[in-house]
Amino acid sequence: LFGRAGDIFGSKTMMVVAHVSALVSYVMMSLSSTQLGLYLSEIPGLLQHGMQGSNMLIAHMSSGDQRIKALGRLGFSYGMGAVL
């Protein structure tokens, strides 16, 4: 669904949606005082697709041999971020 929405609305718009949904989710989580509030704060998390949005942006912005190198660097950076 995220890829199709990116095709319709544009990859940059979908990256903004992913980051805004993360912001809304984290604010809701920090302000919740009940268990139900914590569960409801996960609903905006359905739109948090930063990795897919980053891949989409790189695929649109780069060409040919540079695309392979850029996608490899992006994957490496996400992997290192997960390890650290």
Side-chain angles (χ1 to χ4, degrees):
L1 292 175
F2 190 80
R4 179 70 176 142
D7 291 338
I8 294 171
F9 301 112
S11 55
K12 291 181 183 178
T13 303
M14 291 311 294
M15 278 297 289
V16 170
V17 168
H19 289 295
V20 168
S21 68
L23 174 72
V24 169
S25 177
Y26 298 147
V27 167
M28 287 176 65
M29 191 179 299
S30 68
L31 296 177
S32 68
S33 59
T34 63
Q35 188 175 12
L36 178 64
L38 286 175
Y39 288 130
L40 292 176
S41 71
E42 293 298 318
I43 292 173
L46 296 173
L47 298 174
Q48 292 181 20
H49 296 288
M51 180 67 174
Q52 291 86 353
S54 301
N55 283 334
M56 196 175 359
L57 272 174
I58 287 177
H60 288 150
M61 295 176 65
S62 59
S63 62
D65 297 334
Q66 296 298 325
R67 182 177 300 147
I68 297 168
K69 191 181 292 185
L71 287 171
R73 288 179 180 163
L74 178 67
F76 177 74
S77 67
Y78 270 92
M80 288 303 294
V83 169
L84 299 176

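Fair warning: this is a prediction, and the values are worked out from it, not measured in the lab. We use all heavy atoms of the structure for the numbers below, so side chains are in, but hydrogens, waters and symmetry mates are not.
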Worksheet item: Tell me, which pairs form a side-chain hydrogen bond (donor to acceptor under 3.5 Å, both in side chains) where one or both residues lie in residues 55-75, sequence neighbours left out?
Response: Ser11-His60
Worksheet item: For Met29, which fellow cluster members are found when Ile, Leu, Val, Met, Phe, Trp and Tyr are connected by side-chain heavy-atom distances below 4.5 angstrom, either directly or through intermediates?
Response: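 Taking Ile, Leu, Val, Met, Phe, Trp and Tyr as members, Met29 shares its hydrophobic cluster with Leu38.
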Discussion item. Running the 4.5 Å side-chain criterion over Ile, Leu, Val, Met, Phe, Trp and Tyr, what cluster does Leu74 land in, apart from itself?
Written reply: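 In the cluster with Leu74 are Met51, Ile58, Leu71, Tyr78.
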Worksheet entry | Side-chain heavy atoms of Val24 within contact of Val27, under 4.5 Å |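 A side-chain contact is absent here, since even the closest heavy-atom pair is not under 4.5 Å.
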Practice prompt. Check for a donor-acceptor pair, side chain of Ser25 on one end and backbone N or O of Glu42 on the other, with a separation under 3.5 Å.
Written response: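 Absent.
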Worksheet item: Looking only at heavy atoms, what is the nearest atom pair of Ser54 and Met15, with distance?
Response: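 For Ser54 versus Met15, the nearest heavy atoms are N-SD, 3.6 Å.
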Fill in: Minimum-distance pair of heavy atoms, taken over all atoms of Ser32 and Gly37
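The pair with the smallest heavy-atom distance is CB-C, 3.6 Å.
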Side-chain heavy atoms under 4.5 angstrom apart, residues restricted to Ile, Leu, Val, Met, Phe, Trp, Tyr: same cluster for [X] and [Y]?
X     : Y     : answer
Ile8  : Met14 : yes
Leu23 : Val17 : no
Met28 : Val20 : yes

